[in-house]
**Student:** 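Right, I'll just put the structure down here and ask away after.
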Amino acid sequence: MKGRIFNFNAGPAVLPLPVLEEIQAELLNFKGSGMSIAEISHRSKWFDEVIDDATARVKRLLKLNESYHVLFLQGGASLQFCMIPMNLLPDGQSADYVNTGTWATKAIKEARSQGKAVKVVASSEDKNFSYIPKAIPFSPNAAYVHLTSNNTIKGTQWASFPDTGGVPLISDMSSDIMSRPIDVSPFGLIYAGAQKNLGPAGATLVIIREDMLERVPQHLPTMLKYTTFVDHKSMFNTPPCFAIYTIQLVLKWLEETIGGLEKIEEINRVKAALLYRAIDESGFYRGTAEKESRSLMNVTFRLPNEDLEKQFVREALENGLGGLKGHRSVGGCRASIYNATTLEAVQALVDFMAEFARKNG
Ligand SMILES: *Cc1c(COP(=O)(O)O)cnc(C)c1O
């Protein structure tokens with residue numbers, strides 16, 4: 001490849017081009033420091049401004065009130081699968097989990113492996129996780145309800161969040177954080193690995209409500225306690241500085257260039273509608289998620305057979321369209337169309353799909 005491709009990778013995923021250009025421009029000399037941001041102390045005023053600005057932007061974009069703390073942790077979303085029950089599920093209590101796919105299954109397994117009481121109150125496993133469950137019988141006394149807002153591998157997404165009757169919601173939003181406005185008030189904790197919709201791998205955004213911190217047991221290892229990171233502004237030890245810096249620039253782009261979450265949702269809806277229409281009207285491609293559960297971020301589809309799928313992925317790349325292979329656990333094809341994916345990229349994909357179907361259908 002001579003130039004950049006249209007990148008449909010599921011994660012790590014495409015970043016906004018203006019962000020990459022800004023990083024490139026200030027890589028050797030960050031704001032007159034004479035150093036790269038990757039070479040500066042995390043205790044310096046330069047990095048302090050970066051993390052403060054990133055935090056302020058998260059708060060503004062999601063309209064967080066004073067009771068929420070914004071943290072940047074390491075260990076990916078996967079470490080949260082174990083930190084959440086460790087910190088927030090007291091012995092003698094039980095938590096409700098909704099199983100909507102691979103990542104939810106892993107979250108459940110991590111909670112259970114600590115001997116915690118976990119109740120799977122709904123699951124879509126009966127139909128290969130192709131839908132989001134409805135009319136869920138939540139437990140009134142649950143410590144929290146855990147769900148995965150967007151199922152990156154199966155291509156489903158919660159269009160709206162269920163009423164848990166006041167039990168705090170906890171959500172893995174790794175693949176749809178900042179893709180639409182949400183009402184944060186029912187959430188006790190939100191987490192997201194950065195590498196889908198926020199920045200590069202290496203940082204995990206955690207948003208935690210003040211009242212949840214009262215549950216954190218004193219005896220936990222320092223590095224596994226949310227309170228450690230709340231008390232030290234995510235800098236008890238060296239944070240993932242470069243990842244946080246990139247996140248800051250992505251959030252600036254989202255706020256100042258795009259115009260916020262209402263705007264990005266509009267754009268995301270146009271992109272997804274264009275792609276799903278191309279699938280539905282083709283008579284060649286077949287979407288794998290039930291229509292009302294479809295994700296606006298990860299569009300999963302099949303071709304008439306596996307040989308054609310391999311050929312599709314290969315020829316797409318030859319035409320500058322990358323990352324279209326489905327997750328290894330499910331096969332098929334997947335186009336991830338996160339915030340940084342342009343309408344132009346989706347249009348190029350739709351044009352290629354029409355041409356491919358015409359030649360091979
Ligand atoms: C990618 C992904 C994960 C895993 O994230 P890591 O940062 O690699 O641990 C977890 N949940 C969801 C929904 C994901 O998309």
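Counting starts at 1 for both ligands and their atoms, in listed order. Remember, predicted model here, so these are calculated numbers, not experimental data.
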**Student:** Among Q195, Q80, M297, which residue places a heavy atom closest to atom 8 (O) of ligand 1?
**Tutor:** Q195

**Student:** Do me a favour and list the nearest non-hydrogen protein atom to atom 1 (C) of ligand 1 with residue, atom name and distance?
**Tutor:** K196 NZ, 1.4 Å

**Student:** Among all protein heavy atoms in this structure, tell me which lies nearest to atom 9 (O) of ligand 1, with the distance rounded to 0.1 Å.
**Tutor:** S78 OG, 2.6 Å

**Student:** Only heavy atoms of F81, strictly under 4.0 Å: list the atoms of ligand 1 that pass.
**Tutor:** 10 (C)

**Student:** Between D172, T204, I153, flag the one that comes closest to atom 13 (C) of ligand 1 by a heavy atom.
**Tutor:** D172

**Student:** Is the charged tip of K196 near the ring of W103: under 6.0 Å from the six-membered ring centre and within 45° of its axis?
**Tutor:** yes

**Student:** Using the side-chain contact (heavy atoms from CB on, under 4.5 Å) definition, which of the options D176, N298, L296, L198 pairs with Y338?
**Tutor:** N298

**Student:** Do me a favour and list the nearest non-hydrogen protein atom to atom 15 (O) of ligand 1 with residue, atom name and distance?
**Tutor:** T152 OG1, 2.4 Å

**Student:** Specify the protein heavy atom at minimum distance from atom 5 (O) of ligand 1: its residue, its atom name, and the distance to 0.1 Å.
**Tutor:** A77 CB, 3.5 Å

**Student:** Please walk me through it: do F129 and V330 pass side chain to side chain contact (heavy atoms under 4.5 Å, CB included)?
**Tutor:** CA-CA 11 Å; F129 298 114; V330 293; over 6 Å; no

**Student:** Under a 4.0 angstrom heavy-atom cut-off, which atoms of ligand 1 come close to N150?
**Tutor:** 13 (C)

**Student:** Which atoms of ligand 1 are found less than 4.0 Å from any heavy atom of G76?
**Tutor:** 7 (O), 9 (O)

**Student:** So if I apply the side-chain contact (heavy atoms from CB on, under 4.5 Å) rule between I132 and each of S149, S293, S124, S160, which one comes out positive?
**Tutor:** S293

**Student:** Between I153 and S329, what is the shortest heavy-atom contact and its length?
**Tutor:** CG2-OG, 3.8 Å

**Student:** Is the Lys NZ or Arg CZ of K45 less than 6.0 Å from the centre of F47's six-membered ring, within 45° of the axis?
**Tutor:** no

**Student:** Could you please spell out the steps behind the side chain to side chain contact (heavy atoms under 4.5 Å, CB included) verdict for Y191 and I84?
**Tutor:** CA-CA 10 Å; Y191 64 104; I84 288 163; 3.3 Å; yes

